[in-house]
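Have a look at the structure below, then the notes.
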Amino acid sequence: MIKAIKVMTVFGTRPEAIKMAPIVQALQRNPAFVPVTVVSAQHREMLDQALQVFNIHPDYDLDIMRAGQSLAQITSRVLLALGDVLTREQPDIVLVHGDTTTTFAACLAAFYQQVPVGHVEAGLRTWAKYNPFPEEMNRQLTDVLADLYFAPTAQSRDNLLLEHHAAAHIFVTGNTAIDALHETVNAQYHHDVLDKIPANQRMILVTMHRRENQGEPMRRTLNAMLDVLRAHSDVNIVYPVHLSPAVQRVAHAVFDGQERVHLIEPLDVVDFHNLAARSYFIMSDSGGVQEEAPSLGKPVLVLRDTTERPEGVAAGTLRLVGTDPDRVRTAMTQLLDDPAVYNQMAGARNPYGDGHATERILAAIQYHFGVTVTRPAEFS
Ligand code: UD1
Ligand code: UDP
């Protein structure tokens, strides 16, 4: 009989938890695998919100978060704490996700113990070292060390091939973000913040947290949003503010006391997906939001100068506006005032997945370990 494959999933922040949750759940259901779930808790509250929604109880919680933590602190704490867990558990493979500092440090910890690594959401690139910072280097370094690559799209596979990673080890799977989305959006959904917005008014959902936007870029972008709000009496902003003190400071300084701006706590993912589904459009510098919005038919003004998700720009859902106030004002005004522009962005097809990424990832792992002989079909 073929031995079950011991798969250790390691994640630590909100987006990793949301996109790893379908994989953790599928591993737990499938007797061909022995799952071990490890969280770094690089995020504490925002991670716990996601764990609760998906009913995931980690086997190990490294509990590393500190207020205002530096990148070196996150890296060193994960590296040390995960080393002990790896020694004890001896997994056949470690799965990491995306581009956070937990992702890279966990991959490095596994490499030091010569444990193979599978990278979920591999191959995303801007090719700009500091943009986004430190994520672009986190994902490139992770891919240098990884053994198996789960690329969400053909374009991310091509990026990996450009770096001479072996084609045999790359699987195009779609993004697990879309798997999660299939479970969360519900037509009956209600949230208290919606009671504050009259039915005939429009809502823009905002998120902004990237390190390179903190401080002045964020201040000028939020002020540009206020200018547009003043010119449109039927428009509201809902902004669930990330718990980073650097983000909280600017969001409250610009928006506190403003009519039609609703600053709220970070939402759990069910709330976020449902509010996104009820928004008129979204403004965000988030990575995950760029993947989800096309499935919901919502335009996104991306508050960044570069994106590792060009498929959404090509499809027409995403528009890169950066943090220049004139560009932000112009893009918002066009979307609010010109139905042709709006309809073109809202009508695009989702290029990021079909809801079956998790199945493909598990099948690829089985194929890699010789449990199955036929290479699994890919997402196209
Ligand atoms: C991290 C990731 C980023 C990802 C983002 C998703 C790195 C370097 N950055 O950025 O790629 O886009 O998560 O949200 O890996 N905090 C809390 N409670 C929480 C979460 C955060 O209090 O639940 C506060 C803490 O003071 C913490 C600070 O936020 O020190 C910053 O958290 P950190 O994980 O370092 O950076 P993020 O900006 O969240
Ligand atoms: N999200 C959430 N609550 C919020 C804001 C976002 O659950 O208040 C979800 C969103 O649907 C997406 C993920 O968090 O799945 C994106 O995470 P984040 O923007 O923190 O990180 P990034 O994707 O930029 O790394």
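Order of listing sets the numbers, starting from 1, for every ligand and every atom in it.
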(request) Of the side chain and backbone of Glu135, name the one, both, or neither that has a heavy atom under 4.0 Å from an atom of ligand 2. (result) neither
(request) Establish, from distance only, whether the side-chain atoms of Gln42 and Thr13 form a donor-acceptor pair under 3.5 Å. (result) no
(request) Note the single closest protein heavy atom to atom 4 (C) of ligand 2, along with its residue, its atom name and the distance in Å. (result) Arg14 NH1, 3.1 Å
(message) Checking the N or O distance criterion of under 3.5 Å, is ligand 2 in contact with Thr207?
(response) no
(request) Look at atom 18 (N) of ligand 1 and say which protein heavy atom is nearest, naming residue and atom and giving the distance to 0.1 Å. (result) Glu45 OE1, 2.6 Å
(request) For atom 39 (O) of ligand 1, find the nearest protein heavy atom and state the residue, atom name and distance (0.1 Å precision). (result) His43 NE2, 2.6 Å
(request) Quick one: closest heavy-atom pair of Ala32 and Gln366, and the distance? (result) CB-NE2, 3.3 Å
(request) Mark up the atoms of ligand 1 that fall under 4.0 Å of a heavy atom belonging to Gln69, in ascending order. (result) 27 (C), 30 (O), 32 (O), 33 (P), 34 (O), 35 (O)
(request) Between Pro15 and ligand 1, find which residue part has any heavy-atom pair under 4.0 Å and reply side chain, backbone, both or neither. (result) side chain
(message) If I apply the N/O under 3.5 Å rule, does Arg14 come out as touching ligand 1?
(response) no
(request) May I ask you to identify, for Leu71, whether its side chain, its backbone, both or neither come under 4.0 Å of ligand 1 on a heavy-atom basis? (result) side chain
(request) Could you check atom 22 (P) of ligand 2 against the protein and tell me its nearest heavy-atom contact, residue, atom and distance included? (result) Gly287 N, 3.6 Å
(message) Heavy-atom pairs closer than 4.0 Å: do any link ligand 1 to the side chain of Pro266, the backbone, both, or neither?
(response) neither
(request) State if Val247 counts as touching ligand 1 under the rule of any non-hydrogen atom under 4.0 Å. (result) no
(request) Could you check which of Ile18, Val269, Leu267 puts a non-hydrogen atom nearest to atom 8 (O) of ligand 2? (result) Leu267
(message) Show me which atoms of ligand 1 lie under 4.0 Å from any heavy atom of Ser244.
(response) 24 (C), 28 (C), 29 (O)
(request) Among all protein heavy atoms, pick out the one at the shortest distance from atom 8 (C) of ligand 1; state its residue, atom name and that distance to 0.1 Å. (result) Thr101 OG1, 3.1 Å
(message) Applying a heavy-atom cut-off of 4.0 Å, say which part of Met46 lies close to ligand 2: side chain, backbone, both or neither.
(response) neither
(message) Under a 3.5 Å threshold, yes or no: a donor from one side chain and an acceptor from the other, between Glu292 and Ser295?
(response) no
(request) Please say whether Lys19 places an N or O atom under 3.5 Å from an N or O atom belonging to ligand 2. (result) no
(request) Write down the atom of Asp63, the atom of Arg44, and the distance for their closest heavy-atom approach. (result) OD1-NH1, 2.9 Å
(request) Would you mind checking which non-hydrogen protein atom is closest to atom 19 (O) of ligand 2, with the distance to 0.1 Å? (result) Ser286 OG, 2.7 Å
(message) Does any part of the side chain of Thr330, heavy atoms only, come nearer than 4.5 Å to the side chain of Thr333, both counted from C-beta?
(response) no
(request) For Glu45 and Gln49, test the side chains for any donor-to-acceptor distance below 3.5 angstrom and give the result as yes or no. (result) no
(request) Grab the two heavy atoms, one from Met208 and one from Val247, that are nearest each other, plus how far apart they are. (result) O-CG1, 3.4 Å
(request) Go through ligand 2 atom by atom and flag the ones less than 4.0 Å from a non-hydrogen atom of Pro240. (result) 8 (O)
(message) Counting only nitrogen or oxygen atoms and a 3.5 angstrom limit, does Gly288 reach ligand 2?
(response) yes
(message) I want to check something: taking the side chain as every heavy atom from C-beta on, are Thr176 and Ile23 in contact at a cut-off of under 4.5 Å?
(response) yes
(request) Around atom 16 (N) of ligand 1, find the nearest protein heavy atom and jot down its residue, atom name and distance. (result) Met65 SD, 3.7 Å
(request) Could you say whether the N/O atoms of Gly68 and ligand 1 ever approach to under 3.5 Å? (result) yes
(message) Working note: His262 + Ile237, criterion side chain to side chain contact (heavy atoms under 4.5 Å, CB included); need CA distance, chi angles, decisive distance, verdict.
(response) CA-CA 6 Å; His262 309 281; Ile237 284 177; over 6 Å; no
(message) Please list the nearest protein heavy atom to atom 25 (O) of ligand 2 with its residue and the distance rounded to 0.1 Å.
(response) Pro15 CG, 3.4 Å
(request) State whether Arg360 and Asp354 are salt-bridged, where the test is any N-O pair (Lys NZ or Arg NE/NH1/NH2 against Asp/Glu carboxylate O) under 4.0 Å. (result) yes
(request) Identify the protein heavy atom lying closest to atom 5 (C) of ligand 2, giving its residue, its atom name and the separation to 0.1 Å. (result) Phe272 CD1, 3.3 Å
(request) Nearest heavy atom to atom 35 (O) of ligand 1 wins, so pick from Met46, Arg211, Gln42, His209. (result) Arg211
(request) Flag Thr13 as yes when one of its N or O atoms lies below 3.5 Å from any N or O atom of ligand 1, and as no otherwise. (result) no
(message) Tell me the nearest of Arg210, Glu16, Arg66 to atom 30 (O) of ligand 1, using heavy-atom distances.
(response) Arg66
(request) Could you tell me the residue and atom name of the protein heavy atom closest to atom 9 (N) of ligand 1, and the distance to it rounded to 0.1 Å? (result) Glu135 OE2, 3.7 Å
(request) Please write down residue, atom name and distance for the protein heavy atom closest to atom 15 (O) of ligand 2. (result) Glu292 OE2, 2.5 Å
